[in-house]
Amino acid sequence: MSANNNQDKRLFLLDAYALIYRSYFAFIKNPRYNSKGLNTSAMLGFTNTLEQLLNKENPTHLAVVFDVHAPTFRHEMYEAYKATREEMPEDLRKAIPWVRKIIEAYHIPILEKEGFEADDVIGTLAKKAEKEGYQTYMMTPDKDYAQLVSENIFMYKPGRGGNEVEIWGIPEVQENFEVQTPDQVIDILALMGDTADNIPGCPGVGPKTAMKLISAYHSVDGLYEHIDELKGKQKENLVEHEAQVRLSRKLAEIIQDVPVEFDESKLVMDEPNWQKLQEIFNELEFRSLSQKLAPPQPQVQQQLSFEQGTLFGEAQPAATAPTRRDDLAHIENTPHEYYLVENAMQRASLRAELSVQEEFCFDTETTGLDTHTAELVCLSFSFRKGEAYCVTLPENREEALRVVQEFRLVFGDENIRKVGQNIKYDILMLKQYDVEVNGTLYDTMIAHYLIQPELRHNLDYLCETYLGYQKVETVSLLGKKGKSQLTMRQVPLEQMKEYACEDADLTLQLKQVIDPELDKTGVRPVFEEIEMPLIPVLADMEATGVSLNTRELDAYAKVLREQIVTLEQEIKELAGEKFNLSSPKQLGPILFEKLKIDTNAKKTKTKQYSTSEEVLAKLVDKHPIVGKILEFRGLKKLLSTYVEALPQLVDAKTGKIHTSYNQAIAATGRLSSTNPNLQNIPIRDENGREIRKAFTASDENHLFLSADYSQIELRIMAALSKDPHMLEAFRNNQDIHAITASKIYKVPLEEVTSDMRRKAKTANFGIIYGISAFGLSDRLNISRSEAKELIDGYFENFSRVKQYMDECIKVARDHGYVETIKGRRRYLNDINSANAVVRGVAERNAINAPIQGSAADIIKLAMINIWNELRQRKLQAKMLLQVHDELNFDVPKEELDEVKQIVKEQMEGAVDIGLPLTIEMNAAPNWLEAH
DNA sequence: GCGATGGA
DNA sequence: TCCATCGC
């Protein structure tokens, strides 16, 4: 719907704060940031709304109205007014001056009046304009404005989530509020109240009742004149709260006599300051809006012929209507040439083209997400913008294999760079079809991970922010997640082609846009020297998999189950009742209310009793049940997460466990492991060790070789801070935790007790993991003052460490980011936050990120070098697992000496940080004995 | 401190 | 969705 436009006096009044709030929260799940870490959601949303208005409605007069932050007459009337409204988020507050700058650049007048709110100003102006013969459109999502609507005054509600704009005239107000005249909206609001504005209304009266009462009695006054006609609770409530209702009516009424002047000459639409706008958009990095400012180019519309439901059966049950943002380009309004490649001849000509490219982008569509069980459905390729090819594959595996094999040469060509989004997945899929991918790799997901580690890196998001383009949504093809979701096989061919080709085309386009950012952010060396060469290494590790002794685990499961049952009985006896002791919700009241183990028990955010390990560990002496619960929990976790789960993840084809490494999750640069997570296999307690034992070498002719860096993070901290005491300790290969204890507690090394060492060790780790004094006291079960003394003692003795930490924070404040030794960046947007807690987190990250991130850089380099060396020497040994500072291998016995030498050399020599990096290494039949 | 997983 | 627990 478009506003009536046979008028030359069409005034639009925008409620600035309401629109800004709405814009900000519209992006709350997927906030936009520019590279400086500024949250630009509000600016982007507001500008888009404004652009749509200008393009669609062509206003003759226009103004934006702001509230002034001073107590208004409503506060004087009712002090709680708007008190429940949460304080404005910091990001949003920072956005306001930007929005003002944008409005000024558009040459749109800003109106505000101290002591009055935007709705009062807008109401007054609308009425004045009406007298001058204007049609006024009040642009706001706030329904309170309905009371102002008249013949010539309309509400203009911006569209939400792809919906059309709604324009409310008198009929719409009558319909939505079930009133006869718009001013009765005030009476409705007076009765039902408004939580956002903290207008109290009458308790027990919601929208439905309010509408019913007003339609019967026409107004609040009318209602109270006939109050005796009502009865029961409703009447009681209304009588009791009459004063409150009448006050509410005053609060809800928008006043129309604000002392503002209606000067139409100042509100006339003007041409924007294009240059200024361009500057602002550049700074905010609004790429698609910037493009719109460029001189308009004729859009070539390409008509696509979809032949849905003809060749491929009926329509698609899962298909969902697309929800599009209308400020973005998409497949239907963007020229493109996407081709199906279905027969041998077409494939041959595609191969010929691919073979002469310097680089091409490819993507695979499959029947699932697990590379070990999924099948390829098609391959798509792109090497020119807007052009892509989709090679369809037969359902029969043998036939499909033959077709995929045809592309073996181009994929294997060392001289062709391969571009992809999460390319490790595609490499693993092709591996299942005996195709190796060689040549330089370029993964757009990882590129973006290095440019903006904290944000999301999925293709949809990247296309929207960098290309101003909205991809075809996966749900519109396959339907929602769940049972009824289709696989790519069931999607009609033409649709699949459009989707698959779009992926390849856009990934290639994305590469062109994102690539310069690698230089701007200085992460190109990490990208080219670490992350890209690591991809084939990880793919190889994932494909190799690790052997698991399932028989041993099954036997252990039985033992565990028996222990658990016994414990469960004992606990229930002690508690005196049956309950589900895996449920903290049920356990809490039993411990703290029935057994009264602790009279002032800690509670969680959601008002439940906290029954966490650390809480219970402190109460272990109070009641025998506590220890048993802890033991029960530990065993149960072990059983469900590992002993029972792992054997089920053994791959039927290979008989091994294949984890999957994610290279673009952890903001510090570490890898993460899923499906299963092999980076958290128990080690510390006795029970857990059985599980490590089940990870074995591939057979009796092989050994499980485990190598881990000793104290790599503390060594890095010593190197980065150049603290003389630390450096000395490491150069002399001394026990760093004991040395730390001896310094902090001012005792000779020989007199350090195990408790002192333990505390010093925790302090060391505290620094590495960036925990606060609060966290340290919690972890060591000591008071906060003792924790603070510990930390103070630490800094006194390792003053360069303290100095280094302060420097990290300063660097973060000055530049907005910190770096690892290899130039991997982490941005710390909150480093200047006014909120001390938020700022504290950022400060600890500023210290921790260079240390943890550098360790990640180092082990990744070692992995690449070892992998290359093993390959070059044509050794059979295989790298199996990475656990942050540890590498594990499956080594044929006869290769052991050679492999050990390679591993030691490459791990210790990965980089020179100015002090020795040492490793510990061991070979055994299984992981437990090797570690 | 982060990341992954299982259970209610 | 939250809570608890494993690893580094």
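The sequence lines fix the lettering, A, B, ..., with proteins before strands; numbering per chain opens at 1.
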On the nucleotide C/dC8, are OP1 or OP2 found under 4.0 Å from the side-chain N or O atoms that A/R670 carries?
no

For A/Y827, what residues pass the side-chain hydrogen bond (donor to acceptor under 3.5 Å, both in side chains) criterion, not counting sequence neighbours?
A/R825

At a heavy-atom distance below 4.0 Å, what parts of residues 679-686 of chain A sit against DNA chain C?
A/Q679, A/N680, A/I681, A/P682, A/I683, A/R684

Whole angstrom value for the distance that separates P of B/dA4 from CG of A/L881:
16 Å

May I ask you to list the residues of residues 634-641 of chain A, by number, that have any heavy atom positioned under 4.0 Å from an atom of DNA chain B?
A/K637, A/S640, A/T641

In a table with atom names and distances, give each donor-acceptor pair under 3.5 Å that connects a side chain of residues 681-689 of chain A to protein atoms at least two apart or in another chain.
residue	atom	partner	partner atom	Å
A/D685	OD1	A/N687	N	3.3
A/D685	OD1	A/G688	N	3.0

Only one of A/R561, A/K637, A/K636 passes salt bridge (charged side-chain N to carboxylate O under 4.0 Å, His left out) with A/E644; say which it is.
A/R561

Sub-4.5 Å side-chain heavy-atom contact between A/L720 and A/I821:
yes

Atom pair CD1 (A/I712) and NE2 (A/H884), whose distance is rounded to the nearest 0.5 Å
13.0 Å

Please give me every residue in residues 812-847 of chain A whose heavy atoms get under 4.0 Å of an atom in DNA chain B, ordered by residue number.
A/R844

How would you label the contact of A/N662 with the nucleic acid (heavy atoms, under 4.0 Å): base, sugar-phosphate, or nothing?
nothing

Assess whether atom NZ of A/K693 is packed by more than 12 heavy atoms of other residues, nucleotides or ligands within 6.0 Å.
no

By nearest nucleotide on DNA chain B, pick out whichever of A/A667 and A/A645 is the more 5' one.
A/A667

Rounded to whole Å, please give me the gap between CZ in A/R689 and C1' in C/dG7.
15 Å

Across the strands shown, which category fits A/N848 at heavy-atom distances under 4.0 angstrom: base, sugar-phosphate, nothing?
nothing

Nearest-Å distance, NE2 (A/H931) to C1' (C/dG7)?
10 Å

Just how far, in rounded Å, is P of C/dC8 from CD of A/E920?
13 Å

Going by the angle between their ring planes, with limits at 30° and 60°, are A/H737 and A/F765 parallel, tilted or perpendicular?
tilted

Is there side-chain contact between A/L548 and A/T696, with at least one heavy-atom pair below 4.5 Å?
no

Please work out whether the ring planes of A/Y449 and A/H457 are parallel, tilted or perpendicular, with thresholds of 30° and 60°.
perpendicular

Please report the distance, rounded to the nearest Å, between CG in A/L887 and P in C/dG7.
19 Å

Nearest to the side chain of A/H884, which nucleotide is it out of C/dT5, C/dC8, B/dA4?
C/dC8

Tell me what A/F765 touches on the nucleic acid: a base, only sugar-phosphate, or nothing, going by heavy atoms under 4.0 Å.
nothing

Expressed as a whole number of angstroms, how long is the span from A/E690:CD to C/dC6:P?
16 Å

Spacing between A/L671 atom CG and B/dG3 atom C1', to the nearest angstrom
12 Å

Could you pull out the closest heavy-atom pair between A/V818 and A/A846, with the gap in Å?
CG1-O, 3.8 Å

To the nearest angstrom, the CG-P distance between A/N677 and B/dG3 comes to 12 Å

Would you say A/Y709 and A/T918 make side-chain contact, with heavy atoms under 4.5 Å?
no

Give every residue pair that meets the salt bridge (Lys or Arg N to Asp or Glu O under 4.0 Å) criterion with at least one member in residues 846-864 of chain A, sequence neighbours excluded.
A/E531-A/K860, A/R824-A/D857

Give one of base, sugar-phosphate or nothing for A/S673, where a contact means two heavy atoms less than 4.0 Å apart.
sugar-phosphate

Taking any heavy-atom pair under 4.0 Å as a contact, classify A/A855: base, sugar-phosphate, or nothing.
nothing

